[in-house]
Amino acid sequence: MATTAAAVAATSVVVLDRGNNTTCTINLHGATVVSWRVNNQEQLFVSKLASFDGKKAIRGGIPFVFPQFGAWSFGPQHGFARITRWHLDRAPERLHNGDVEAIFSLMDNEFTRSIWNYQFRITYRLILREKELHFHIGVYNPSKDLSFTFNMLLHTYLKVPDVRRCQITGLQGCHFIDKTREGALYQEGREVVTVNEWTDRIYQHTPQEHVITNVVSGRKMRLHKYNFPDTVIWNPWIDRSREMSDFGDDEFPNMLCVEAGNVSAPVILLPGTAFEASQILQVAKCPYYKPTKDRLVNINYNTVGESYHSTSHTTGSFIDVVSEVQRRQMPFD
Ligand code: TA6
């Protein structure tokens, strides 16, 4: 019996449910996070005109950009990962501390090799916590002799009551490529960045943390990133909105893209090596929510910081500790 589109659609959705109306929904089409609800409050924007046909990228949520950011002469804009069906490696599982985890993966296949003839394996681990969503990504090059280079980015669409009231920290002094001004390079002078017009900027070498104010219900969203050196800020405003068939002309005030990624310089992955990157999104009350002591009780920051070295990590920062904790709790792959 042919599998109906509805059946495919039905089996394309994976839900992490932590209870207390805190859930995260992932569509296997692109492993796109299409919903993150914290105490029944949706944190992510998905266009009412978004397509779920299993072909087009989903307009909203958190599309996974790989192996190309932006226009691509060999393949689709923003790469093929967001328009390919991913595999569910580990179904949602409740961890001992009440968090819920699931693991997704994408490997090269006939379609991807027809565009980009490299072997690869991506593992995408999502952990749903009380007020946080954790993203741990590993890219592995199983080849014996071929290196490859790639961009990777989490194209996060935050849901906001009014984008004009949002402020983004952590960009002051950073250089940025302004795609609204022919890709010219500028330096950010503002302590907090606001969005009051078409904005499409690739900020380079940004710090590990951004706080975005006035997201859902006036809260702050804390974005912590690791091994994602760049931050893209995007809002299409009215003119670009009209150019997108899967985006309502009146929707731009209610979304803001803050995207952690490897964009300005591609990652080079040698044969037999792996690359890791992480992001934590945290719904912060004002002042922001601090992880409860019990989560880190047996962890001596210094020991972890000191003992944990690898080519691509610096020691001692919050994210390292968290990644290290989880790596020790649950081996990466
Ligand atoms: O990440 C910002 C951006 O690259 C913008 O230039 C804009 O094109 C946006 O992505 C959406 O791209 P898409 O291919 O999803 O229409």
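In each ligand, atom 1 is the first atom listed, and ligand 1 is the first ligand listed.
Annotation for ligand 1: atoms under 4.0 Å from non-hydrogen atoms of Lys179 are 4 (O), 6 (O). Contact atoms of ligand 1 toward Val232: 1 (O), 2 (C) (distance under 4.0 Å to a heavy atom of the residue).
Of the candidates Phe228, Phe150, Tyr140, Phe275 forms a ring pair (Phe, Tyr, Trp, His ring centres under 6.0 Å) with just one, namely Phe150.
Considering only residues two or more places apart in sequence or on other chains, Thr32 meets the side chain to side chain contact (heavy atoms under 4.5 Å, CB included) condition with Val34, Ile58, Pro63.
When hydrogens are left out, the protein atom nearest atom 16 (O) of ligand 1 is Arg59 NH2, 2.9 Å; that is the closest non-hydrogen contact. Atom 10 (O) of ligand 1 has as its closest protein heavy atom His78 NE2, 3.0 Å. Atom 6 (O) of ligand 1 has its closest protein heavy atom at Asp200 OD2, 2.5 Å.
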Which atom pairs, donor and acceptor, lie under 3.5 Å between side-chain atoms of residues 72-81 and protein residues at least two apart or in another chain?
unit_1	atom_1	unit_2	atom_2	d
Gln77	OE1	Ala71	N	3.3
His78	ND1	Gly70	N	2.8

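Neither the backbone nor the side chain of Arg240 comes within 4.0 Å of ligand 1, counting heavy atoms alone.
In this structure, the side chain of Ser143 does not engage the main chain of Asn141 through any donor-acceptor pair within 3.5 Å.
Atom 2 (C) of ligand 1 has its nearest heavy-atom neighbour, among Gln77, Glu259, Arg82, in Glu259.
Not a single N or O atom of Tyr157, backbone or side chain, sits closer than 3.5 Å to an N or O atom of ligand 1.
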Evaluation steps, side chain to side chain donor-acceptor pair (under 3.5 Å), between Ser51 and Asp246: CA-CA 7 Å; Ser51 161; Asp246 59 352; over 6 Å; no
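Taking 4.0 Å as the cut-off between side-chain N and carboxylate O, Arg164 and Asp162 count as a salt-bridged pair.
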